[in-house]
Amino acid sequence: MPLDTSAYNLALLRVDGRRWNELRRLNAQIRTQAAADGSSYLEMGHTKVMCVVTGPNEGGPKRGGGSGPGAGGGNRDSKDAQVEVSVVVAGFSSVDRKRRGRGDKRILELQSTISSALSASLHTHLFPHSTITISLNVLSQDGSLLAALINAATLACVDAGIPMTDYIAACTAGSTSTYAANDENADPLLDLNHQEEQELPSLTVATLGNSDRIAVLVCESRVQVSRLEGMLAVGVDGCKQVRTILDNVVRERGKRMLMEGAVEKGAAVGMDLD
Amino acid sequence: MASLKRSAISDPFASNISSKVYVRSTKSGKVQKIVREVYLRQDIPCSSQLCQACLKTAPRNAAGELTPFVLSDRPAGTKTYPQGHYLVPDTNAFLSAMDLFEQSSAFYDVIVLQIVLEEVRNRSLPLYNRLVGLTKSEDKRFYVFFNEFRLETYVNRDQGETVNDRNDRAVRKAVKWYGEHLAQTKTKKGEAPAVVMLSNDRDNLRKAKAEGIPASSLADYVGQLKDGDKLLDMIPDAQDRDVVRDKKSNEHLYPEYLSLSKLMTGVKAGLLHQGIFNVSPYNYLEGSIRVPAFPKALLILGRENINRAVDGDIVVVEVLPKDQWKEPSTKVLEEDALTKNENADTEEGQDFITEKERKALQEEAKRTLQKTTEGHAQPTARVVGIIKRNWRQYVGHIDQSTVSQAGKQGRKQDTVFLIPMDKKIPKIRLRTRQVAELLGKRILVTIDAWDRDSRHPAGHLVRSLGELETKAAETEALLLEYDVQYRPFPKTVLDCLPKEGHDWKVPASTDDPGWRDRADLRDLLICSIDPIGCQDIDDALHARPLPNGNFEVGVHIADVSHFVKPNNAMDMEASIRGTTVYLVDKRIDMLPMLLGTDLCSLKPYVERYAFSVIWEMNAHADIVGARFTKSVIKSREAFSYEQAQLRIDDASQQDDLTNSIRTLLMLSKKLKQKRMDAGALSLSSPEVKIQMESETSDPIDVKTKQLLDTNSLVEEFMLLANISVAGKIYEAFPQTAILRRHAAPSKTNFDELSNQLKVKRGMELNVESSRALADSLDRCVDPKEPFFNTLVRIMATRCMMSAEYFCSGTQSEDEFRHYGLASEIYTHFTSPIRRYADLVAHRQLAAAIGYEAVDPSVRSRGRLEAVCKNINVRHRNAQLAGRASIEYYVGQALRGRPAGNEEAFIIKIFSNGFVVLVPRFGIEGLIRLRDLAEPEPAAEFDPETYTLVTSGSRQVKVDLFQKVVVKVSDEKNELTGKRGVKMELVSP
């Protein structure tokens with residue numbers, strides 16, 4: 001067994017060798033599924049998720065398709081597109097093989113959080129009476145699951161070409177000291193892995209683009225108020241780093257598509273090719 | 001087609017990321033494969049103040065503060081490394097010799113590798129916590145180097161390589177890197193300090209040598225130090241090396257018990273012996289068992305022989321062959337101290353007998369080997385089966401050092417040790433999710449099981465009693481620990497009380513059925529004498545001269561049996577409670593308050609029902625006649641002992657009441673003299689009184705109890721009443737009378753004490769009869785030391801058997817004797833409010849005088865035997881609880897007081913410490929050699945003359961019975977969170 005998070009103060013190193021303000025290796029690709037309207041694959045450390053976006057389609061999602069809660073064609077009259085999110089956690093994604101039921105409350109909450117975050121950024125008013133279906137698959141879990149899911153969904157929506165205000169980039173932040181420990185010099189931490197999430201207080205934050213506007217803030221652990229500000233600041237800073245990485249992924253891909261001629265010559269391309 | 005494959009080139013970190021894969025098995029036997037990322041980096045500093053390169057990349061925390069470098073730029077040198085050196089110990093070095101690293105004379109500038117820290121943590125959490133403590137101390141200069149995260153020092157496990165070999169290789173690689181890294185730094189002196197690996201692993205040392213890495217074994221290294229000889233003792237023996245690792249875990253730790261039928265036949269055939277297992281209060285690895293077949297108790301030594309028996313269990317033992325007979329230990333072994341480094345959750349990986357335990361045993365063995373010729377060895381035995389567990393609920397607190405960091409946060413299930421309040425009970429392994437809440441609390445647990453493959457019994461939490469050292473929690477802990485029923489009386493019991501409640505009165509009309517067969521003694525001058533503030537007045541007295549020159553003396557006891565009828569709910573409850581328990585600040589009643597302090601209590605100025613014993617005595621206090629009757633009395637006054645004494649001493653008081661007390665006193669003195677002549681023992685136990693602050697009831701001072709003539713006045717008449725009643729009920733119920741006996745102690749009980757007296761003071765202790773003993777105790781006087789006699793009496797008391805209730809049909813008549821009181825027959829009759837036995841005696845006496853019909857419950861022998869058995873236990877527990885309560889309050893009274901010097905006497909000597917008794921507080925304390933001076937002085941213990949002579953860091957000579965001065969203070973052990981009275985030897 002390796003050391004636990006309490007060893008941080010010995011040399012300012014976290015359980016996996018990172019410093020307090022370092023993200024894990026973040027790796028992403030878009031257009032991984034050629035047949036889908038939009039798709040992405042994202043790794044944050046050992047957390048691996050893939051995302052497929054279908055739509056916007058008119059009419060409700062097909063019955064029986066992996067739809068989220070409240071799905072059911074009630075959106076025919078609505079002026080905005082509905083964002084339906086379904087999260088499937090693979091049984092093999094964590095250490096213990098565990099089957100999660102469809103009605104798992106934790107997954108329902110993940111779905112609704114992602115759905116409301118994306119609806120705010122996507123220009124849903126352009127697609128009345130229609131549905132955008134986002135299917136997320138969790139292949140491997142190692143902490144910061146919600147953040148990874150939001151990032152993957154953002155990328156897939158970009159790939160699907162759905163107009164949106166800006167990226168929603170997410171990451172987690174924590175603190176090196178537990179709620180109970182009355183430690184004055186607790187450092188905030190960025191991007192927690194599974195072990196850290198288990199042992200330390202943490203929150204998930206997502207921001208809109210490069211701004212400080214927060215789209216999602218979820219905190220399920222007890223945190224001392226005095227530490228919250230530091231954690232939030234680090235988290236927002238992390239979101240900006242994540243946005244840069246996501247943006248690079250999109251640009252890389254765009255560049256390659258242009259090179260390969262996937263985009264018609266002469267079509268208006270608002271970016272420099274070098 | 002898009003591929004999910006990542007190209008290596010696109011990932012700039014690829015070479016810097018590795019993953020750590022390891023397999024762990026859960027408690028349920030599931031095997032999990034855990035994969036963790038490891039980010040390798042190059043900015044982990046060497047932390048040497050010599051190094052400039054590392055300073056540039058040194059990490060900063062969120063506030064931008066730089067962690068100062070730890071390792072000195074001018075480390076100490078040794079013969080081999082004159083240029084100075086940094087130490088890199090491997091795991092075993094820390095595991096086996098943590099004490100060494102904590103020395104203040106050496107071991108500075110130590111590099112603790114991450115891999116070593118991890119291994120230490122897995123082996124022993126307490127040691128890990130100590131090591132982390134070292135790294136935090138500024139002057140020791142311990143630096144944790146995260147070698148597993150530094151690119152250059154990271155080591156991949158090779159195919160087929162064991163984890164241990166890989167870790168050793170990682171250590172060597174880190175040492176090598178350090179050496180090369182420091183060599184690049186230019187020092188003014190020229191040469192960079194050497195980086196030396198410390199290891200006890202021969203293989204590792206050999207490989208290091210082959211790779212040209214400076215390395216040394218602990219012993220070699222310490223040998224080079226200035227005060228090396230002293231430190232060498234702290235290194236465990238060479239043969240114990242390497243044992244900690246690679247220990248097979250699936251073998252059973254304890255031998256199996258024999259089957260019940262085998263035990264039974266063995267006991268019947270006399271090959272095995274059954275008895276109650278007792279643990280020595282000073283040595284947790286030594287137990288004893290009394291069996292009918294041997295005059296002396298059999299010794300049971302060591303974990304394996306004790307074989308999972310817990311104090312109080314009824315066990316079956318087998319006597320070991322003669323070559324394994326041993327002397328009882330002269331060493332104090334405390335479990336906390338010896339096994340403090342144990343890990344609660346990974347105990348499978350550990351040796352069955354810890355190294356320190358083994359060492360302690362070895363010393364014992366050596367000592368007995370030298371002496372076996374002298375024939376002091378006692379028969380020893382081993383436990384082969386358990387007939388009945390006597391497990392109860394235990395109160396204790398969690399050993400803080402066994403708590404992991406994760407556990408403190410209270411989310412993960414954690415395994416911790418519970419240290420029971422009772423020192424005789426082993427540590428209990430506890431699995432709990434709420435460690436954080438339970439730390440620093442008194443908690444109640446039960447033992448569930450003790451399996452063959454588990455070193456310690458496993459238990460579970462029952463509930464938490466509250467913060468340690470709060471009055472409520474500690475009092476409840478005491479009550480639970482001594483199994484005192486303290487819950488409020490249930491409604492069914494209260495329903496049995498008279499409906500009138502406090503308004504109940506003796507009926508005015510003598511025609512009332514309540515008056516049937518009652519003598520009207522309301523005009524007698526009766527008074528009661530009790531301690532100050534006594535509310536439950538059981539007894540009152542009167543005396544008056546008779547026309548014939550004799551005296552009429554009456555003892556009037558509260559007539560509880562009038563209110564408590566046999567077999568109703570109240571009677572049941574009282575028989576379960578057995579006795580009222582007196583704690584310093586609290587009384588747990590046997591009967592509801594209404595009866596105890598009002599209706600039964602013989603309060604002054606009101607009429608009360610009583611049960612009277614009335615004698616006619618002549619002036620020599622010889623009994624001319626006695627009668628027993630139920631009565632109605634009216635006490636004229638309730639005196640305290642002091643008040644009564646003042647009244648007697650004040651010659652101006654000549655009223656009838658005072659004179660009758662004077663008569664009583666005169667008669668009581670004669671009675672006492674007679675008793676003494678018959679050989680009654682005057683025994684002693686240290687008694688103190690706690691003075692409380694009246695408002696907060698916080699203890700403020702401790703005083704020894706004063707005994708007045710009036711104390712003995714009451715006592716004499718109570719004894720007389722008890723003896724008279726005992727005779728009467730035995731006459732009426734030869735088979736079922738409830739009596740109390742005190743068996744003569746077996747001679748061997750006094751062997752040690754009489755030998756001690758002979759050797760130290762040239763005094764003889766004659767234990768032929770109680771008379772002879774009483775006389776010889778009287779002769780044990782030290783003219784220079786008045787307390788000496790009391791001291792001997794205290795020690796003699798401890799050699800005695802305890803008195804017990806019994807049903808007359810269960811013993812032959814010559815076994816009835818009460819040894820201490822030198823009476824042929826005895827019972828308890830005089831305190832029915834607070835003792836159940838007295839209540840039974842009342843019913844029997846009432847039946848014997850024809851007052852009421854015999855109730856079947858007081859005639860059934862089986863029933864009475866059960867009652868006796870219960871009240872014997874309750875009586876003993878009540879005494880222990882009372883004593884423990886006093887002890888707790890003495891501790892509390894000492895708290896916050898400046899430590900004072902007190903006189904004390906040495907009452908027991910061990911080879912590594914001695915026990916002193918402080919008369920002023922009535923407490924005993926253990927002073928170990930290691931408390932005398934730092935480092936622990938060497939000592940020579942001579943069991944023949946009971947002397948302990950220390951040498952080295954502190955030179956003292958202590959003798960048994962010697963008067964010493966100790967500093968008594970109150971101390972809290974930070975490691976275990978236990979508060980206790982601490983005693984330090986001041987002089988000699």
Side-chain angles (χ1 to χ4, degrees), chain A residues 1-22 24-25 27 29-34 39 41 43 45-46 48 50 95-96 140 142 175-181 185-190 193-195 198-201 221-222 230-231 233-234 252-253, chain B residues 1-4 6 10-14 16-20 22 24 26 30 32-41 43-45 47 58-63 65 67 112 114-115 117-118 121-122 128 132 135-136 143-146 148-150 154 346 404-406 408-412 436:
Chain A
M1 273 263 284
L3 300 173
D4 61 23
T5 47
S6 64
Y8 174 80
N9 282 329
L10 294 176
L12 305 181
L13 281 168
R14 291 158 66 176
V15 283
D16 53 5
R18 283 181 292 151
R19 298 283 181 208
W20 61 274
N21 55 356
E22 289 177 352
R24 287 181 286 178
R25 176 172 50 168
N27 226 300
Q29 298 175 40
I30 53 172
R31 190 146 299 185
T32 50
Q33 239 103 330
S39 59
Y41 171 78
E43 290 180 6
H46 280 157
K48 300 173 184 176
M50 57 185 280
V95 176
D96 279 321
S140 171
D142 188 19
S175 171
T176 52
S177 262
T178 59
Y179 176 77
N185 4 307
D187 276 357
L189 294 178
L190 184 61
N193 65 20
H194 179 70
Q195 190 189 3
Q198 290 253 296
E199 294 173 10
L200 300 173
S221 46
R222 293 211 292 178
M231 286 164 65
V234 167
E252 279 298 315
R253 182 71 202 183
Chain B
M1 189 63 206
S3 153
L4 290 178
R6 220 161 44 211
S10 69
D11 190 351
F13 299 112
N16 292 2
I17 297 180
S18 180
S19 56
K20 180 183 272 179
Y22 62 93
R24 78 172 174 208
T26 61
K30 227 191 251 175
Q32 295 179 327
K33 187 171 175 187
I34 311 282
V35 180
R36 290 228 170 115
E37 282 180 305
V38 175
Y39 290 82
L40 302 179
R41 49 199 319 134
D43 64 350
I44 298 175
S47 200
R60 288 165 189 274
N61 70 3
E65 292 155 353
T67 321
V112 183
Q114 175 192 12
I115 187 74
L117 197 65
E118 274 178 22
R121 184 179 188 275
N122 290 344
Y128 168 80
V132 169
T135 65
K136 287 191 177 140
Y143 171 63
V144 182
F145 177 67
F146 279 72
E148 298 281 280
F149 293 152
R150 175 119 196 168
Y154 180 75
T346 56
S404 73
Q405 200 58 41
K408 275 186 192 152
Q409 289 145 218
R411 275 199 234 155
K412 250 166 57 179

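Chain A is the first sequence line, chain B the second, and so forth, proteins listed ahead of strands; every chain is numbered from 1.
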Margin query: Please report the interatomic distance CG(Asn61(B)) to CG(Leu12(A)), rounded to the nearest 0.5 Å.
Written below: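 The distance works out to 6.0 Å.
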
Next item on the list: Drop me the distance from Arg60(B)'s CZ to Asn21(A)'s CG, to the nearest 0.5 angstrom.
Entry: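 Answer for the CZ-CG pair, Arg60(B) versus Asn21(A), is 12.0 Å.
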
For the student: nearest non-hydrogen atoms of [X] and [Y], plus distance:
X         : Y         : result
His46(A)  : Val35(B)  : CE1-CG1, 3.5 Å
Phe146(B) : Leu10(A)  : CE1-CB, 4.2 Å
Asp96(A)  : Gln32(B)  : OD2-NE2, 2.8 Å
Tyr128(B) : Ala7(A)   : OH-CB, 4.5 Å
Pro59(B)  : Ala11(A)  : CG-O, 4.3 Å
Leu13(A)  : Phe149(B) : CD1-CD1, 4.0 Å

Next item on the list: Mind ranking Gly45(A), Pro188(A), Gly230(A) by heavy-atom pairs under 4.5 Å with chain B and telling me who comes out on top?
Entry: Gly45(A)

Checklist line | Check: Arg19(A) and Asp43(B) side chains under 4.5 Å, non-hydrogen atoms | finding: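 They are in side-chain contact.
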
Note to self: Does any backbone or side-chain atom of Ile115(B) lie under 4.5 Å from a heavy atom of chain A? Answer side chain, backbone, both or neither.
What the structure shows: neither

Margin query: If I measure from the heavy atoms of chain A, does Arg150(B) come under 4.5 Å with its side chain, its backbone, both, or neither?
Written below: neither

Next item on the list: Check each atom of Arg24(A) against the heavy atoms of chain B and say whether the ones under 4.5 Å are side chain, backbone, both or neither.
Entry: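 Backbone plus side chain of Arg24(A), per the 4.5 Å heavy-atom cut-off to chain B.
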
Item checked: Part of Glu252(A) lying under 4.5 Å from any heavy atom of chain B -> neither

Note to self: Has Arg18(A) got a side-chain atom pairing as donor or acceptor with Tyr39(B)'s backbone, closer than 3.5 angstrom?
What the structure shows: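 Flag not set: sc Arg18(A) to bb Tyr39(B) has no pair under 3.5 Å.
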
Note to self: Taking every non-hydrogen pair under 4.5 Å, which of Val132(B), Thr135(B), Ile44(B) racks up the most with chain A?
What the structure shows: Ile44(B)

